[in-house]
A.B. asks: 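Below you'll find the structure I mean.
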Protein chains: 2
Amino acid sequence: MNSPQNNTKVYIGIVKQLRTMIEHDGLKPGDRLPSERELSERLGVGRSSVREALRALELLGLIETRRGEGTFMRDFRGHQLVQLLSTFILQDKKSIRDVKETKFLIELDCLWLIIQKASEDRLLRFKKWTLEADYTDDDFFLEIVTLADNHLFLRIWIILKDYYNSLDLEKMMITKQQYAELIDTLISRKDSEVVRVYRNLRKLSKN
Amino acid sequence: MNSPQNNTKVYIGIVKQLRTMIEHDGLKPGDRLPSERELSERLGVGRSSVREALRALELLGLIETRRGEGTFMRDFRGHQLVQLLSTFILQDKKSIRDVKETKFLIELDCLWLIIQKASEDRLLRFKKWTLEADYTDDDFFLEIVTLADNHLFLRIWIILKDYYNSLDLEKMMITKQQYAELIDTLISRKDSEVVRVYRNLRKLSKN
DNA sequence: TCGCTCACAGTGGTCAGACCAGTTTATTTT
DNA sequence: AAAATAAACTGGTCTGACCACTGTGAGCGA
């Protein structure tokens, strides 16, 4: 499906070559990449072009550079993307509302995922933990989102959380009782009509 | 201009200054940014540093450069970020499963948002459209996600959709009847217990 | 006056070289 | 052997140069 990219910029090509290089050499987080000068020579391009590619990857949080040491693979998390996406894209009031809404719905999605995926026994322990755990809002939902076992939701949620906190808004203050109530409700609805339709659609989407 | 602070890289500072510049001048998608050389002079930094900042923003899909013309604000969409995030981050099978799961749940979230936000009348027209519209899967859900009026969900969904399509997987084939059934169910549950708990939590999160 | 050509200025794209500021490694000195 | 020093890296930045491309306007001809 690759279109004939006639006007492909050099740094984009470098990014792609880096990607295959990383895959081929099996580079993992923490591993070191070749130096800028070596890449420049090996790929037959100028060092500035290499740098443009690296800076882009750095901003995306995929690599990390340390002066005097080198360039390293990074354990991708939200990172810089957070500040940029947030400060650039999320400026008006409506956007802030969208963030709240999205964060909230993702948290509920994860709660739902946990309940759908967990066994009866696991579910009881989960509910018990909900009531007993000593947590702040962030920690609580971080646990929820982690338990949902969906890395993508985790990534997105962390980004939203960081942005949300940077807004210095009033925090949600929800009691443990309310959480427990929600979980109870979701559990009791585990076989409800809505969920059944959800399930059907999901089954279909599993090719 | 920039006091050479220890750890702050110049191009990061430039990105931030660009951001405030865009905000201050009220630049909108399609508007032109100052040339690289002018920015270089105005900010008191080298042109290569300016370029590193611009390339990073370009990769994020925030700006667009046209040789011979200039640099322009972009109407942000998934863009390059898609291919990069996808090829770099989403490689193993579990990640693919996460993408499907996330895409699916976001679509349901948006459906839920529409139903929650819409008036009785709007809802009827929506349901009618669901049955009558001639759409592909993508178009249908694009409409759903758009109607949900949450730009963040829209952005994320487009990214996921593009990645999903690039996988060359079997498409979901769901009938209009099934869609309608789901919508009916969601509407009928609009005031159900689950939704009420959702609402309560949401109210609390509205500080 | 109108319409066309064409040179020119401006813009992004790229490169090479230079220097700075750190880190690591090898070498010398103690 | 240990410590101090020097050399050889690394990324960070700036400058100047050249290319390819675009828009403009001066100048020419009709």
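It should be emphasised that the depicted structure is a prediction, and the values quoted were computed from it without experimental measurement. To find a chain, count down the sequence lines: A is the first, B the second, and so on, and within it residues start at 1.
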A.B. asks: Side chains of B:Asp121 and B:Arg125: closer than 4.5 Å at any heavy-atom pair?
C.D. replies: yes
A.B. asks: Take the protein atom CG of B:Leu39 and the nucleotide atom P of C:dG10, then report the distance between them rounded to whole Å.
C.D. replies: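 The distance from CG of B:Leu39 to P of C:dG10 comes to 16 Å, rounded to the nearest Å.
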A.B. asks: Taking only Lys NZ, Arg NE, NH1 and NH2, and the carboxylate oxygens of Asp or Glu, determine whether A:Lys103 and A:Glu107 approach each other closer than 4.0 Å.
C.D. replies: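 A salt bridge is present here (some side-chain N lies under 4.0 Å from a carboxylate O).
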A.B. asks: Determine whether B:Tyr11 and A:Arg51 make a side-chain contact, defined as any pair of heavy atoms from C-beta on separated by less than 4.5 Å.
C.D. replies: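 A side-chain contact is absent here, since even the closest heavy-atom pair is not under 4.5 Å.
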A.B. asks: Choose from C:dG13, D:dT13, D:dT10 the nucleotide whose nearest atom is closest to any side-chain atom of A:Ser35.
C.D. replies: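 Nearest to the side chain of A:Ser35 among the choices is D:dT10.
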A.B. asks: With sugar-phosphate meaning primed atoms plus P, OP1 and OP2, does B:Gly46 contact a base, only sugar-phosphate, or nothing at under 4.0 Å between heavy atoms?
C.D. replies: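 Sugar-phosphate contact only.
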A.B. asks: Counting heavy atoms from C-beta on, name the nucleotide in D:dC18, D:dG11, D:dC14 closest to the side chain of A:Arg67.
C.D. replies: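 In terms of side-chain proximity for A:Arg67, the closest of D:dC18, D:dG11, D:dC14 is D:dG11.
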A.B. asks: Toward the 5' end of DNA chain D, which comes first, A:Gly68 or A:Arg51, by nearest nucleotide?
C.D. replies: A:Gly68
A.B. asks: What's B:Ser40 touching, base or sugar-phosphate or nothing? Going by heavy atoms closer than 4.0 Å.
C.D. replies: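 Nothing: the residue B:Ser40, judged by heavy atoms under 4.0 Å, touches no strand.
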A.B. asks: Nearest whole angstrom, please: distance from the P of D:dT13 to the CG of A:Leu54.
C.D. replies: 13 Å
A.B. asks: State, with a plain yes or no, whether a side-chain heavy atom of A:Leu39 is found less than 4.5 Å away from one of A:Leu18.
C.D. replies: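 Yes, close enough: below the 4.5 Å cut-off.
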A.B. asks: Among D:dG12, D:dT13, C:dC15, which nucleotide has an atom closest to any side-chain atom of B:Glu52?
C.D. replies: D:dT13
A.B. asks: For C:dT11, does OP1 or OP2 lie under 4.0 Å from any side-chain N or O of B:Thr65?
C.D. replies: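 False: B:Thr65 side-chain N/O out of range (4.0 Å or more) of C:dT11 OP1/OP2.
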A.B. asks: Just the rounded figure in Å: distance from P of C:dG13 to CD1 of A:Ile14.
C.D. replies: 13 Å
A.B. asks: What integer distance in Å separates B:Glu64:CD from C:dT11:P?
C.D. replies: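 Rounded to whole Å, this separation is 18 Å.
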A.B. asks: B:Leu43 CG to D:dC14 C1': how many Å, rounded?
C.D. replies: 14 Å
A.B. asks: Are A:Arg55 and A:Glu52 close enough, and set up right, to give a salt bridge (Lys or Arg N to Asp or Glu O under 4.0 Å), and what steps lead you there?
C.D. replies: CA-CA 5 Å; A:Arg55 287 302 74 67; A:Glu52 290 187 8; over 6 Å; no
A.B. asks: Do the side-chain N or O atoms of A:Arg55 get closer than 4.0 angstrom to the phosphate oxygens (OP1, OP2) of D:dG12?
C.D. replies: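 So the side chain of A:Arg55 is within the cut-off, an N or O lying under 4.0 Å from OP1 or OP2 of D:dG12.
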A.B. asks: Please determine if a side-chain N or O atom of B:Arg66 lies less than 4.0 Å away from the OP1 or OP2 oxygen of D:dC21.
C.D. replies: no
A.B. asks: Would you kindly give the CD-to-P distance between A:Glu36 and C:dG22, to the nearest whole Å?
C.D. replies: 17 Å
A.B. asks: Within the pair A:Ser48 and C:dA16, is there a side-chain N or O less than 4.0 Å away from OP1 or OP2?
C.D. replies: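 So the side-chain polar atoms of A:Ser48 never come under 4.0 Å of the phosphate oxygens OP1 or OP2 of C:dA16.
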A.B. asks: Here's a test of your reading of the structure: between B:Glu38 and A:Val45, which maps to the more 5' nucleotide of DNA chain C?
C.D. replies: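 Closer to the 5' end of DNA chain C: B:Glu38.
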A.B. asks: What is the distance from CZ of A:Arg37 to C1' of C:dC20, rounded to the nearest Å?
C.D. replies: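 Value for this atom pair: 11 Å.
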A.B. asks: Which whole-number value in Å describes the distance from B:Glu41 CD to D:dG16 C1'?
C.D. replies: 15 Å
A.B. asks: Any side-chain N or O of B:Arg47 under 4.0 Å from OP1/OP2 of C:dT14?
C.D. replies: no
A.B. asks: Under 4.0 Å between a side-chain N/O of B:Ser49 and OP1 or OP2 of D:dG12, yes or no?
C.D. replies: no
A.B. asks: Side chains of A:Glu36 and A:Thr65, heavy atoms from C-beta outward: is any pair under 4.5 Å?
C.D. replies: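 In short, these two side chains do not touch, never coming nearer than 4.5 Å.
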A.B. asks: Kindly point out which of D:dG12, D:dT22, D:dT10 is positioned nearest to the side chain of B:Glu69?
C.D. replies: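 Nucleotide nearest to B:Glu69's side chain: D:dT22.
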